[in-house]
Amino acid sequence: MLDHTTKVVEESLKAYICVNHHSMQFLKNLLTSVLGTLIAFGLFFVLFLIIIAGASASLGAEEAVVVKENSVLQLNIDKPVLDRSPTEFEFGAALGMEAESLGLDKILASIRKATDDDRIMGISIEHTFLQSGMSQTQAIRKELNNFRESGKFIYAYHDVYTQKDYYLASVADSVFVHPEGGIDFRGLSAEVLYYKSLQEKSGVQMEVIRHGAYKSAVEPFLSDRMSEENRLQIGSLLNSIWDEISKGVADRSQLDIENVNTIATSVQGSNPEQALQVGLVDGMLLRRGYEALLKSKLGLEEDDKLNTIKLTDYQKTTSTSLGKGSDRIAVVYAQGEIIYGEGSEQVIGQELMIKTLKKLKKNDRVKGVVLRIDSPGGSALSSELIWQEIEQLNMDKPVVVSMGDVAASGGYYIACGADAIFAEPNTITGSIGVFGVLPNVSKLANRWGISAEQVTTHPNAQLYSPMEPLSDSARSEITEQIERIYDTFLDRVAQGRGMSVEEVDAVAQGRVWSGTEALEIGLVDSLGGLEDAVLHVAELAGTETYKTIDYPKFEDDFESFLESLQRGPFGFEFMGYSINDFEALFPQNISIQERIQARLPFALEIR
């Protein structure tokens with residue numbers, strides 16, 4: 001009887017389990033089907049939008065850009081400027097999305113083309129709140145000066161000029177301002193925030209290990225006041241940049257440097273009438289008055305139409321390639337911070353860079369390579385891996401570096417082995433130093449009643465945990481790694497620059513320099529832009545018939561388009577930081593070596 005009962009129970013349980021299993025499987029399949037249907041509808045809807053947008057664009061497409069005779073090129077740089085123009089994806093174009101940035105390469109190429117374009121009579125710099133770096137602004141100004149020296153005119157007009165706006169506008173034949181506007185011309189300033197007291201109050205502390213007296217990227221976590229070393233380097237950098245600005249302004253207004261500094265000290269530009277009196281501007285006009293002035297310059301009557309073309313339209317007719325011929329000079333753009341990984345248009349990763357450099361090494365048509373760097377540095381390990389690949393390439397082909405706005409720390413690391421280095425006078429460079437920053441939340445965790453317990457097989461099995469203070473043995477081990485990487489960094493620079501390790505160490509220690517200062521101490525070879533670097537590498541390669549080709553190449557596919565949105569209007573950013581940046585603060589499966597940084601000492605916004 002008991003056996004029979006047991007069998008009945010067993011059979012009942014089996015039936016229950018079977019029914020329950022089938023029910024769960026049914027629910028699982030149902031949910032999967034529902035989810036799949038929703039995803040399918042979502043994808044269908046997105047594709048429908050793309051098709052409709054594409055059809056609308058085709059039906060209502062504007063005619064090809066036409067440059068009319070007797071035209072003025074309007075220079076309005078109203079978006080952030082990158083060294084290389086962002087990739088234009090077909091998906092984005094179909095949805096009518098505009099790029100969120102402008103490329104310095106196309107801006108310069110457009111001005112260069114306009115110089116020889118008989119239809120373009122002059123350039124009007126208008127209503128620009130520049131979002132370019134100081135070095136980029138200087139490069140644009142230099143190209144505009146070439147345009148003006150060709151015999152064509154440049155006028156500038158703005159309601160209110162920022163200091164950077166005015167530096168660019170000062171290259172013009174005549175500068176005009178609104179009668180109720182002004183010019184913010186007062187000298188340069190920089191501000192650095194410090195967090196030591198905040199850490200103590202919040203319980204979130206940064207464990208800092210560094211080499212270099214000037215490695216002040218980590219200084220805000222160690223102090224509430226700026227060190228004399230940091231004050232010295234920031235002051236030296238600002239003064240060097242100001243020298244370039246004041247020289248440009250003095251050349252335009254035929255003032256001497258002393259007068260320019262007096263105007264800045266007394267802030268006389270803030271009043272339009274005073275700005276006119278001291279020679280910062282040539283006149284006060286309303287916008288319609290400025291348009292009438294342009295018409296007069298072109299020989300037009302008041303009722304005649306003023307033919308203008310925007311920079312963004314004109315650059316559609318412009319190629320960024322330099323030179324003509326069968327040989328190729330590769331221009332490899334390295335822009336953004338250096339990370340350990342693949343890399344993209346916005347960040348430098350060793351995988352993409354190595355893949356590109358290997359391809360160029362095998363390409364017989366490529367006679368030389370220009371590495372265009374705009375980077376504050378980042379991963380020390382990734383920087384070393386890229387340096388090694390550049391060394392391999394340099395065995396077969398000449399490599400020349402062109403520095404953009406910033407080529408510091410890891411950015412200088414990957415530059416130092418080139419045959420020659422070109423920098424703009426305002427390029428921020430150097431910063432030869434290494435540091436590590438590890439977040440520690442143990443105090444905050446204790447306040448919240450959170451504790452962490454570890455089980456290990458060996459005393460040093462767990463090198464680091466954000467839940468525990470950094471042990472003496474761990475600090476010693478990481479310090480040893482940082483010292484080793486710093487020594488390697490010094491050796492790479494000494495080898496590439498023909499200096500002794502001691503000579504490099506004397507100008508290293510994490511200190512930053514302007515391009516002008518870097519030339520004086522031997523960290524760069526010449527002052528000049530990308531075009532100068534291309535001419536030099538062509539000379540080293542022994543070719544006069546060449547054409548430049550830009551690298552790396554990026555796929556125009558849906559995946560790449562989605563990646564581009566991460567830093568665009570639909571991206572996940574907060575105050576300039578992405579989700580990936582915040583995740584990087586609390587690494588789960590990442591080696592300490594990848595956390596050791598060769599990075600610019602500070603995020604410095606110069607105003």
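Numbers here simply count residues along the sequence, with the first being 1.
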Which residues satisfy the salt bridge (charged side-chain N to carboxylate O under 4.0 Å, His left out) test with [X], sequence neighbours excluded?
X: R328; result: none
X: D184; result: R186
X: R84; result: none
X: K358; result: E389

To the nearest 0.5 Å, what is the distance between [atom1] ([X]) and [atom2] ([Y])?
X: S110; Y: L102; atom1: OG; atom2: CG; result: 10.0 Å
X: I107; Y: T320; atom1: CD1; atom2: OG1; result: 12.5 Å
X: D374; Y: L104; atom1: CG; atom2: CG; result: 9.0 Å
X: K164; Y: Y167; atom1: NZ; atom2: OH; result: 11.5 Å
X: F435; Y: F221; atom1: CZ; atom2: CZ; result: 8.5 Å
X: Y413; Y: I390; atom1: OH; atom2: CD1; result: 11.0 Å

For [X] and [Y], does a side-chain donor sit closer than 3.5 Å to a side-chain acceptor?
X: T318; Y: R112; value: no
X: Q388; Y: Q392; value: no
X: R599; Y: S409; value: no
X: N230; Y: E219; value: yes
X: T543; Y: D327; value: yes

Do [X] side-chain atoms and [Y] backbone N/O form a donor-acceptor pair below 3.5 Å?
X: D165; Y: L130; value: yes
X: T548; Y: L322; value: yes
X: S402; Y: R372; value: no
X: S124; Y: E126; value: no
X: S375; Y: A407; value: no
X: Q335; Y: L82; value: no
X: T429; Y: G515; value: no
X: S240; Y: L237; value: no
X: K113; Y: T317; value: yes

Is there a side-chain contact (heavy atoms from CB on, under 4.5 Å) between Q597 and I338 once you walk through the steps? CA-CA 9 Å; Q597 299 286 294; I338 301 174; over 6 Å; no
With a 4.5 Å limit on heavy-atom distance, are the side chains of [X] and [Y] in contact?
X: M134; Y: E424; value: no
X: Y314; Y: Q74; value: no
X: F422; Y: V370; value: no
X: D419; Y: N394; value: yes
X: D78; Y: F129; value: no
X: L311; Y: N76; value: no
X: F489; Y: V504; value: no
X: L144; Y: L168; value: yes

Measure across [X] and [Y] and return the closest heavy-atom pair with its distance rounded to 0.1 Å.
X: V406; Y: P376; answer: CG1-CA, 3.8 Å
X: Q350; Y: S382; answer: OE1-OG, 3.1 Å
X: G133; Y: D405; answer: CA-OD2, 2.7 Å
X: V537; Y: P398; answer: CG2-O, 3.6 Å
X: A330; Y: V366; answer: CB-CG1, 4.0 Å
X: S319; Y: A109; answer: O-CB, 3.6 Å

Should Q163 and L188 be marked as a side-chain contact (heavy atoms from CB on, under 4.5 Å) after you check the CA-CA gap, both sets of side-chain angles, and the distance that decides it? CA-CA 9 Å; Q163 195 154 243; L188 300 177; 3.5 Å; yes
For the NZ atom on K547, are there more than 12 heavy atoms of other groups (residues, nucleotides or ligands in this structure) within a distance under 6.0 Å?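 No - once you tally the heavy atoms of other residues, nucleotides and ligands closer than 6.0 Å, there are 12 at most.
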I'd like to know if E342 pairs up with K355 as an ion pair, taking the criterion as any Lys NZ or Arg NE/NH1/NH2 lying under 4.0 Å from an Asp or Glu carboxylate oxygen.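 Judged by the 4.0 Å cut-off on N to carboxylate O distance, E342 and K355 do form a salt bridge.
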So does D487 pair up with R484, basic N to acidic O under 4.0 Å?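 No salt bridge links D487 with R484.
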Side chains of residues 520-535: which donor-acceptor pairs under 3.5 Å do they make with residues two or more places apart or in other chains?
from : atom 1 : to   : atom 2 : distance (Å)
D525 : OD1    : R497 : NH2    : 3.0
D525 : OD2    : I421 : N      : 2.8
D525 : OD2    : R497 : NH1    : 2.9
D525 : OD2    : R497 : NH2    : 3.4
D532 : OD2    : K142 : NZ     : 3.4
D532 : OD2    : G529 : N      : 2.8

Just checking, K553 and Y551: is the charged tip under 6.0 Å from the six-membered ring centre and within 45° of the axis?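 Yes, a cation-pi geometry holds between K553 and Y551.
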Walk me through whether E244 and T137 qualify under side-chain contact (heavy atoms from CB on, under 4.5 Å). CA-CA 11 Å; E244 293 297 321; T137 305; over 6 Å; no
If the plane angle is over 60° it's perpendicular, under 30° parallel, otherwise tilted; pick one for F185 and W242.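 Aromatic pair F185/W242 classed tilted.
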Looking at residues at least two apart in the chain, or sitting in another chain, which of them share a side chain to side chain contact (heavy atoms under 4.5 Å, CB included) with S236?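 Here the qualifying residues are R511, E517.
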Stepwise side-chain contact (heavy atoms from CB on, under 4.5 Å) test for S170 and R141: CA-CA 9 Å; S170 65; R141 195 180 186 281; 2.9 Å; yes
